[in-house]
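Because the structure is predicted, anything quoted here is derived from the model rather than measured. Chain naming here is simple, since letters A, B, ... match the order of the sequence lines and numbering starts at 1 in each.
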Amino acid sequence: MTSELPKAYEPSAAQARWVKEWEARGYCDADPIPGREQHTIMIPLPNVTGALHMGHCLNGTVQDLLTRWRRMQGRVALWMPGTDHAGIATQAVVERRMLEEEGLTRHDIGRDALVERIWKWKDEYEVRILNQLRQIGASCDWRRTRFTLDDVCSKAVRRTFFKMFSDGLIFRGKRLVNWDPHLQTAVADDEVYTEDVDGNFWTFNYPIVDDAGQPTDRVIRFSTTRPETMLGDTAICVHPTDERYTDIIGRMVRIPVNGRLIPIIADALLADKELGTGAVKVTPAHDPNDYACGLRNDLPMINILNSDGTINEEGGEFEGMDRKTVRKAIVAKMEELGHYEGVEDRKIPKKFSDRSKTEIEPYLSDQWFVKMDTLAQSAMDAVSDKRVKIFPQRFTKTYMDWLGEKRDWCISRQLWWGHRIPIWSKKLDTSPELMEKLLSYYSQKNDGRDVSDGSIFCPVPEHAGSITAVITDGIEPGEKLLLMCVADGCEELEQQLQTDGFVQDPDVLDTWFSSAVWPHATLGWPNETSNPPLAGSENSQSERSAGGKNEVLDYFYPGSVLVTSRDIISLWVARMVLMGLYNMKEVPFEHVYIHPSIQDSFGQRMSKSKGNGVDPLDLIDKYGTDAVRFTIASIAGDTQDVRLPVGYECPHCEAVTLQTIKHQNMKPDGGPTPSITCKDCKKDFQFPSPWFKPDEGAAVARIVSDRFDFGRNFCNKLWNASRFAFMNLEGYTPGAIDSVDLKTEDQWILSRLATTAQQVTTMLGRYQFDKATHTVRDFTWNEFCDWYVEMLKPRLKDESARPLAQRVLVVVIDNLLRLLHPFAPFITEELWQKLNELAGVRGLNQQTAAADSVMIAAWPWQQMENSNPKSEISDLSEALISAELESRFERLQETVVAVRNIRGQYKISPKEPLKLFMKCSPEVAAQMYAVADQFDNLSRTMLEAAGLDITPPPGAAGFSLKDADGYVPLDGLVDNTAEKAKLEKQQAELQKQIAGSEQKLGNPGFVDKAPPHVIDAFRKTLAERQAQLESVARMIEELS
RNA sequence: GGGCGAUUAGCUCAGUUGGCUAGAGCACCUCGUUUACACCGAGGGAGUCGGGGGUUCGAGUCCCUCAUCGCCCA
């Protein structure tokens, strides 16, 4: 039977086949197995706004690598997939599209219709994203896929909110938000961009008044870019050490345009002596810095705007004017009143809303907050006492610093897409009968305690545990509001509240609120009596659980490791820890691995908004998933961010045009779709971009990056080495491998294989994916392929040597495929299947039938902590590792290289046989004889003689190794002058090194202070070099 | 403004608690189709480790400073 593989690996066919097959066989499913260790990773839920990019690809590769590795180690490895509703981002995308395509705003269609549209969008993109994940080989338990707005997660969010509210951790407060007057919503900081625009810098003055409020002869001058906000000024601020003003601090001034009296205050953080007049107006309700100043100095905060950006009733005569026109009116009025001093042109940084492109207005509004003091402290404690460890460690500082501020968390968002805040409110004074009911309840249950102070209480005793309430101040003076918070699963209560005239809060929760409970929400919390439902199998055994417990939650929580990027350490990681502690009393994961970010060739972070994103599927299409994963893994270490220069591959001639910033920014702008002219074939082509879709039927470039050659070349190498092996497995029989029969190269490759397995295992445990990848690559390429396979070739042709050679070869490939599987799952599976056909029973110590799939085979290195009860035990162990053997082999390699160099030097054909004489100790000579046939095989050289008594043959080229000298007779070909020059060069180098070492060892400072092992090492190398120098000198002598 | 990090070969990156002659892949040059692989093999050239100062017997590695870049938080 001959079983030849195709000459090249076909990634797409293998990927399509195994994605389906693994899932069908249930290899990715993780169900609790009592007594077995688990390994749990919760995916950093991607937003359903669009497609995945290279950052996700890196993130996913790392998680899958860990999951496959742990699964092979015998753990029940759960990788929980899912997506995030991503409140503002998703709603923004859908709204923008609606506006562009239909000219509709959300107010035109209403809340329910908008939410329905967003659900449709979500369904489409969720499928796309989960598909992309499958394409990168993600071995998620797809049955458990969750979405932050699905029933399971919603329940958890709702319960958490209720719990927090009832514990008094959620409160209502004011906050300055970025208000978009066009969309009439608050927007997040990251949805706001700043641009320098042409503006004016006006200077005005306010008259200082006396105690009676009458004008004095003094004024205070200040400059501003936003005169209209003087309607909301509540102070003038100067620096406390500014001598121009110290005497008037505490005096009052009158705002000319509305007559209000405001104080002159001193605040070193707001006022700058060097800037302008040194005095500034303070408008706490309409500027972030002024707001902070207002809080520090207990100033009134006057909101002068309506939500549409027009002036409200606080503006007096200006009420109803647009914020743009009121500015001119104010300036004119100030001029008319004689308080205008001048104006100059200036570039002014202004904030704009990403979505509507309108100017942002800082705006004071009612928001919901989570009290962070004790929660933040608990999350800090978890890291400081090492219940959660962050890798690399330096990121603990980011985490700690942010939590240490303990700033209350604003959780309300003025959006329609998200978890609606489960609060119903009603003005107390409009419902006397309810008030009556309440008060009677308090007097019974709360010992007559007055609850108008904001204490939490249960308003409906028969629903204790499902509803809590608080009384707060309303907007109107003296008004009281009754706020009711209802737990999950109490629809009738909600109905009752509606009937009673309560109104549900229109806001939704910050997306991060639901993300924060992700690690336990996905496992079914708060349901503690049954397992969470599985997709596609309602009511099957999935929900069944013995003893009325949620076994899934018990088993998989807490998780093992969170894999994410550093920009969401505070937004997400910290909040998951505190929510986990709050709801579960346990941290959500033991480790956090922060991986590098991917940048473009200019050091910019890859992101949609920069137009430099790369779709991993483009790269997978070009290089194959395994190549992409292998390359990605090779750059995921713990040091720094990584640059990924990409180019556009011409669809006509395949020439690559490197991507520049110009390409990233090309937009149609109403004109034709941008295109690039190929520098080689001069034809035009279009290219993928976040700004536009290529025209129907146009020739579109593919995004490529030669960094992925690294992985692609490796896969090719692995494929072909295996192909060679498989071609030589004819007649393979399993059988015991007696260690006395093993040749030097067999022992060496097994020693190197075991060392590699051990190192890779250690490195993966430390999240050093880059090192692990390079280690396994170098072993495969530089040791297995370049040396071992070459050495095996003659043995495979020799009938008597063949059976053993085949067995060892099979063992090495078997273990190599396992080691590589987490890095390159598809190609290793393809090869594993083939290997099973040819050598289904195999092993070093024990002959066993191989696993049906490499995905469920045992990891080749067993550690004490892990055992794999379901499958065969690995053969590799420390007993195989021998440093002495490895260094002995190195000498063989050096000898072969030296002979090859002589061929090169004298231009001798590789086919020309040569003779070799080695002058060396008897021990070394014995070792040389043991591998003599390999000199012939690898460098077509016969070892004629080796030993101390070798006399150099005449007319030979020579070389000197550390503990042996070699001579290759060249029959008059030899050029004595060149030989001499070569040796003299080596001699000079040795002398230089020896001089360096001697100088060092002659330095009293060094021998006195350096540690003994360093000094010994120097002495040893010095001695070796001196010995080698003698050899070299002698060889030069011999030539003369 | 505060914090974290980076700057090493043409490009992309490694470089353990300071210790012998600073490494790899790609690119480049020379040679080579030997029955796995040209996505290959055998060789080779290439870096005053961002600048300056300091500590030390010894600095790519530690400290200070300057420059440039990235990220997070104000």
In this structure, are over 12 heavy atoms from other groups packed under 6.0 Å from A:Gln999 atom CD?
->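 No - once you tally the heavy atoms of other residues, nucleotides and ligands closer than 6.0 Å, there are 12 at most.
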
Describe the nucleic acid contact of [X] in one word from base, sugar-phosphate, nothing, applying a heavy-atom distance below 4.0 Å.
X	answer
A:Asn1003	sugar-phosphate
A:Pro1011	base
A:Arg566	sugar-phosphate

Given [options], identify the nucleotide with an atom nearest to the side chain of [X].
X	options	answer
A:Lys397	B:C4, B:G25, B:U21	B:C4
A:Arg777	B:G15, B:G25, B:C73	B:G25
A:Arg1025	B:U21, B:U12, B:C73	B:U21

Which of parallel (below 30°), tilted (30 to 60°) and perpendicular (above 60°) describes [X] and [Y]?
X	Y	value
A:Trp512	A:Trp572	tilted
A:Phe714	A:Trp781	tilted
A:Trp719	A:Tyr9	tilted
A:Phe779	A:Phe784	parallel

Could you give the [atom1]-to-[atom2] distance, from [X] to [N], as a whole number of Å?
X	N	atom1	atom2	value
A:Phe630	B:U12	CZ	P	21 Å
A:Met400	B:C4	CE	P	15 Å
A:Asp778	B:C13	CG	P	19 Å
A:Asp567	B:C4	CG	C1'	14 Å

May I ask you to verify if any side-chain N or O of A:Arg643 is less than 4.0 angstrom from the OP1 or OP2 atom of B:C69?
->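 Negative; the distance criterion is not met.
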
A:Lys771 side chain near B:U16 phosphate (N/O to OP1/OP2, under 4.0 Å) |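 False: A:Lys771 side-chain N/O out of range (4.0 Å or more) of B:U16 OP1/OP2.
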
What string of B, S and - do you get for nucleotides 28-46 of chain B, 5' to 3', when a contact is any protein heavy atom under 4.0 Å?
-> -------BBB-BSSSS---

Polar pair under 3.5 Å, donor/acceptor by atom type, side chain A:Thr1021, base B:C20 =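 Such a pair exists between side chain and base.
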
Please say which of A:Glu998, A:Gln1028, A:Arg1025 ends up in a side-chain hydrogen bond (donor to acceptor under 3.5 Å, both in side chains) with A:Gln993.
->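 It is A:Arg1025, the one option of A:Glu998, A:Gln1028, A:Arg1025 that forms the side-chain hydrogen bond (donor to acceptor under 3.5 Å, both in side chains) with A:Gln993.
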
